[in-house]
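What's counted below: heavy atoms across the whole structure, side chains too, no hydrogens, waters or symmetry copies.
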Amino acid sequence: MVERPMGVALHDTVVSALGTAIVSGQYPANRVLTLDEVGCEHGVSRSVVREAVRVLESMGMVTSRRRVGITVQPAEHWNVFDPMVIRWRLDVGDRTATLLSLSELRKGFEPAAAALAATRATPHHCRLMAGAVSDMVMHGRSGDLEAYLTADMNFHRTMLDASGNEMFRALSGVVSEVLMGRTHHGMMPAKPEITAIALHDEVARAIRMGEAEQAERAMRAIIDEAASAVADDDIA
């Protein structure tokens, strides 16, 4: 039976347990489960299992049919942009491959978003990004990685919002999961690289000054630096 953390809805716990089991291969593709089987394993009612299954269906991870049961779907059917799917893949999947794949994705949209932000950012956006960089400097020096992570996520979330493009804005959860994954799985140095912080400052400055090409270039460099760090960590 899975123990439920305080403050976490029961069906959320079952969703996480099932999602993790699917991503890890414990429940391989085409495995058929029943409501009673899942309910018994996790000590929950059929209604809770149904609610959890609906969430997993929305992620493309299972299908559910009467008289058939709950069928685990192959990875190519999953919604790989869903932040929870990303989290599970970083937790129990091929972490390095997932991070490198996400880095390639980020390279496809974050530099473009930075360039747009240089033409659309408001003074408020610019203040938020400057504040986030200042926080990154402070927490980077102290080695407080959780506080640094919060500042880093705030920076990227604000930059995507400043692009004025709702599609880019909707991908902020993807970026946040990447940043959290690196931190929570020990793939960040004890003190963040000064070069990485300087590049964030360069992006913020370029956006503030309306320099689209420079903002795009610096953002691409941020992603390249992070991908290189992940690859080096895997080799080590």
Sub-3.5 Å donor-acceptor pair from the side chain of [X] to the main-chain atoms of [Y], do we have one?
| X | Y | answer |
| --- | --- | --- |
| H185 | R182 | no |
| D152 | Y148 | no |
| T98 | D94 | yes |
| S103 | L99 | yes |
| R95 | D91 | yes |
| S163 | M159 | no |
| K191 | G140 | no |
| S228 | D224 | no |
| T183 | M180 | no |
| T119 | L116 | yes |

Notebook entry, point to check: Where do L105 and F81 land on the side chain to side chain contact (heavy atoms under 4.5 Å, CB included) test, with the steps shown first?
Noted result: CA-CA 10 Å; L105 171 66; F81 295 110; 3.5 Å; yes
List the atom of [X], the atom of [Y], and the distance in Å for their closest heavy-atom pair.
| X | Y | answer |
| --- | --- | --- |
| A215 | A118 | CB-CB, 4.5 Å |
| I223 | P111 | CD1-CD, 3.9 Å |
| Y27 | V72 | O-CG1, 3.6 Å |
| A121 | I207 | CB-CG2, 3.6 Å |
| T20 | W88 | OG1-CD1, 3.6 Å |
| A29 | P74 | CB-CA, 3.7 Å |

Do [X] and [Y] touch side chain to side chain, with heavy atoms closer than 4.5 Å?
| X | Y | answer |
| --- | --- | --- |
| N165 | F109 | no |
| V15 | E51 | no |
| L33 | R31 | yes |

Notebook entry, point to check: Going through the checks in order, is the salt bridge (Lys or Arg N to Asp or Glu O under 4.0 Å) test met by R205 and E211?
Noted result: CA-CA 8 Å; R205 185 203 63 79; E211 298 172 351; 2.8 Å; yes
Let me have the donor-acceptor pairs involving side chains of residues 53-65, under 3.5 Å, with sequence neighbours excluded, atom names and distances please.
from: E57; atom 1: OE2; to: S64; atom 2: N; distance (Å): 3.1
from: S58; atom 1: OG; to: V55; atom 2: O; distance (Å): 2.5
from: T63; atom 1: OG1; to: Q73; atom 2: NE2; distance (Å): 3.3

Checklist line | Flag for E37-H42: side-chain donor and acceptor within less than 3.5 Å | finding: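 Result is no, nothing qualifies.
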Note to self: Please determine whether side chain to side chain contact (heavy atoms under 4.5 Å, CB included) holds for the pair L149 and M188, giving the CA-CA distance in whole Å, both sets of side-chain angles, and the decisive distance to 0.1 Å.
What the structure shows: CA-CA 10 Å; L149 170 63; M188 283 284 288; over 6 Å; no
Margin query: Is there a side chain to side chain contact (heavy atoms under 4.5 Å, CB included) between S176 and R157? Walk through the geometry before answering.
Written below: CA-CA 8 Å; S176 291; R157 187 181 303 114; 3.8 Å; yes
For residues 167-175, run the donor-acceptor check on the side chains, cut-off 3.5 Å, and write out each pair with its distance to 0.1 Å, sequence neighbours left out.
from: R169; atom 1: NE; to: D161; atom 2: OD1; distance (Å): 2.6
from: S172; atom 1: OG; to: R169; atom 2: O; distance (Å): 3.2

Gap separating the [atom1] atom of [X] from the [atom2] atom of [Y], nearest 0.5 angstrom:
| X | Y | atom1 | atom2 | answer |
| --- | --- | --- | --- | --- |
| N154 | M129 | CG | CE | 12.0 Å |
| M84 | D12 | CE | CG | 8.0 Å |
| R220 | K107 | CZ | NZ | 7.5 Å |
| L160 | H156 | CG | NE2 | 8.5 Å |
| E177 | D82 | CD | CG | 9.0 Å |
| S101 | R106 | OG | CZ | 12.5 Å |

Is [X] atom [atom1] crowded by more than 12 heavy atoms from other residues, nucleotides or ligands, each under 6.0 Å away?
| X | atom1 | result |
| --- | --- | --- |
| R46 | CZ | yes |
| M138 | CE | yes |
| E213 | CD | no |

Notebook entry, point to check: Considering residues at least two apart in sequence or located in another chain, which fulfil the side chain to side chain donor-acceptor pair (under 3.5 Å) criterion with S47?
Noted result: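 So S47 forms a side chain to side chain donor-acceptor pair (under 3.5 Å) with S45.
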Next item on the list: Tell me whether L128 is reachable from F155 by hopping between hydrophobic residues (I, L, V, M, F, W, Y) whose side-chain heavy atoms are closer than 4.5 Å.
Entry: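 In one cluster with F155: L128, no.
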Next item on the list: Output, in order, the C-alpha distance, side-chain angles, deciding distance and verdict of side chain to side chain contact (heavy atoms under 4.5 Å, CB included) for V80 and I86.
Entry: CA-CA 7 Å; V80 293; I86 293 172; over 6 Å; no
